[in-house]
Amino acid sequence: MAKRPVARVLPESRLPQLDRVFDYVVPDGMDAPVGCRVKVPIGRSAKLHTGFVLERLESSDFGGELSPIDQVLSPVSVLTDEVLESAKALAKRQAGGVADVLRLAIPPRAVRVEKKWLEATREAPIIPSPPAAPEAMSSADWERLSRPGEKTVWHLRHGVAGSTPHGYADIAALATEHLAHERSVILVVPDWRDISLMEQALLSHLQEEHLVVFSSELTPSEHYARHLQCLEGRPVVVLGSRHAVYAPVSQLGAIVVVSDGDDAHREPLAPYPHTRDVALIRAEQTGCSVVLAGWTPSIEAVRFIEMGYFGETRVSMSSRPRVFPTRLALHGSDDPAPGRLPSAAFAAAKEALRTGPVLVQVFRAGFAPGLVCTDCGARARCSECGGPLAQSDAGSPASCAWCQHLHARFHCAECRGGAVRPSGQGVGRTVTELGKAFPGVPVVRADGEHRLATVPGKPALVVATRGAEPVADGGYHAALLLDGAAMLQRSSLDVLEETLSGWEWAVSLLKHDAVAYLTDIDGPVATACAAGTGVSLLSDELRERTSLRLPPAVRIAAIEGPAAVVEELVRDVSTHDGVDSLGRSRLEGTAVREIVRMPYRIAPEVAELLRAAVVRDALSGRRGARLRVRMDDTRALDQLADGAL
DNA sequence: AGCACGCCGACT
DNA sequence: GTCGGCGTGCTC
């Protein structure tokens, strides 16, 4: 008989009732190491399920007879101990399943890639020498950032060198510092553009073999290849978007989350963990440091600092370019110039365009994001689903922003009018108008559909939606920040944070002596941005949320399902001290969603209760919509504000 | 999920 | 009498 003939297996299933371990017999001669993928029978089902071997045991405490493992899919231990422990902790925190977390952390197996990897012989890589500390950084800050175990909010430098933001160059230096001490580093950035920029920055310090890049464009098998690379045991620098935070590297020294306030760090798949939370859990598990890096801190980062949980690097404002809110200007006229620009901004752009590129940041994607009836001004809505109609390009037909239904012809539901006109402006229309306002100047468009990481340092108008701004070689010679008012009008909990960070990123892309113009907004946010005191505004916001008991001062859980089931569960959790409901909204059919809030202190207890209820509900065999729970979903809170019962 | 077991209606 | 409807329960 083989040593430890029992294998404890976790099925790769999204079903809450199957998210637990089952014991199996390992047949003689089968090699099923801990962490490998196996195929096992589950219940009376004819087909086999895949799962992970979590443990090997001498014997099982299961009363009945054990089934044998059918097959070892691959003997590679793709699930490491540390990732498993992190996944368990994360599942607990999010009131979700361990298997759900593992689905995010471990890519599906690719046979050919694996075969090649198993056959390859690898040489020990050269360890780089430590880099010099970035200029303008105190040695205390640098030591703090490089020391494992620390938690730090890193205020990045403004400006660019070539096509690399200074901030990204500094992060690359930090990664090199860790690697020089034979520690791995994970760099998690919001999106494709940041991966591309950061990869450039890293390659100026490191060899390609030190780097493992998880870009979103990878095929599944390439993704699996990167996963295997992390398992080789040598220290590496991992760079990628949110899934990279799970990379199974060894000797983890630091996880750097870049722009942790960016929406892209929220996982849209169950159990909806945020990159920042995954990083903190892995830090608990490994003792690595966590660095939240950006040009404006997230409101969560501000909370961490104020709690004393995180330290922060010294803020240096000396390198920050000037921000000029045209509406607050005391001198000059503010008559609109062509292309929706105040005259001061128009003149400055014209001047800057003589020598280099000018960034125009707009809020909305598409050509005309909102359409209204020409006759009565009512919002044009989709006849199929009631969603708002929009136009993505000049000349393209109107389509529904929700269901994508095309509306070649339009009939206003209010007045029977048959024509629409745009209200508000998207990139497309701004591009068209600026083209006319600045004749002879090339206009470059950058948005979700026209993706650009960099542009040359030559005169051009670069019109970009917020978040899609390319880096200009040598920095922009001016920036026009449009649509500030529209951004702040939105009724989301995150408006302040998103508005500030959107502007600050644009400011960071300027040449050191260039100016950013805030064109259509005044008030405290514009004033703070101009003065570079956005952080104190966030701090005020946090204080307000604390008194209102809103996230991130408290945690929330969205509970969805049939009204009766939700009601009972909410009643149940509300018996805990400090747990109460923020309101209920109706979903499709008879389902409802109720949001409860709770202090951090008792959130683990509540999460456990919620998870138990979900498992019970799934097991109950009741027909109809299942009970679902989603922790810390602030978007659900926004929706609640829009349509509470 | 997927499958079997089980307990009531119309049927060769 | 029994074939088969799908409500109920469990999966090592």
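Protein chains get the first letters and strands the later ones, always in sequence-line order, with residue 1 at the start of each. These numbers come from a predicted model, not from an experiment.
The residue A:R20 sits close to a base: some heavy atom pair falls under 4.0 Å. Residue contacts shown for A:L66 are limited to sugar-phosphate atoms, with no base heavy atom under 4.0 Å away. The residue A:P11 sits apart from the nucleic acid: no heavy atom pair falls under 4.0 Å.
A straight line from NZ of A:K47 to P of C:dT11 spans 19 Å, rounded to a whole angstrom. Between A:I69 atom CD1 and C:dT11 atom C1' the separation is 16 Å, expressed in whole Å. Following rounding to the nearest Å, A:F22 (CZ) and C:dC10 (P) show an atom-to-atom distance of 12 Å. Counting to the nearest Å, the C1' atom of B:dA1 and the CG atom of A:D19 are 14 Å from each other. As rounded to whole Å, 11 Å separates atom P of C:dT8 from atom CZ of A:R622. Per the geometry, CG belonging to A:L15 stands 13 Å off P belonging to B:dC3, to the nearest Å. In this structure, A:D61 places its CG atom 15 Å from P of C:dC12, rounding to the nearest Å. Taking atom NE2 of residue A:H49 and atom C1' of nucleotide B:dA1, one finds them 6 Å apart after rounding to whole Å.
When each of B:dC3, C:dC12, B:dA1 is scored by its nearest atom to the side-chain atoms of A:Q17, the top-ranked nucleotide is B:dA1. For A:Y24, counting side-chain heavy atoms from C-beta on, the closest listed nucleotide (B:dA1, C:dC12, B:dC3) is C:dC12.
For the pair A:D638 and A:R635, the salt-bridge criterion is not met [side-chain N within less than 4.0 Å of a carboxylate O]. Using a 4.0 Å cut-off between charged nitrogen and carboxylate oxygen, A:R93 and A:D632 count as a salt-bridge pair. Contact check on A:D191 versus A:R451 returns no salt bridge, with no Lys/Arg side-chain nitrogen under 4.0 Å from an Asp/Glu carboxylate oxygen. Salt-bridge formation is detected for the pair A:E85/A:K88: a Lys NZ or Arg NE/NH1/NH2 atom is positioned less than 4.0 Å from an Asp or Glu carboxylate oxygen. Salt bridge present: A:E114 and A:R109 bring a charged side-chain N and a carboxylate O closer than 4.0 Å.
Applying the 5.5 angstrom centroid cut-off and the 30 degree plane-angle cut-off, the aromatic ring of A:F62 is stacked upon the base of C:dC12.
With DNA chain B read from its 5' end, the first of the two nearest nucleotides for A:L619 and A:R44 is the one closest to A:L619.
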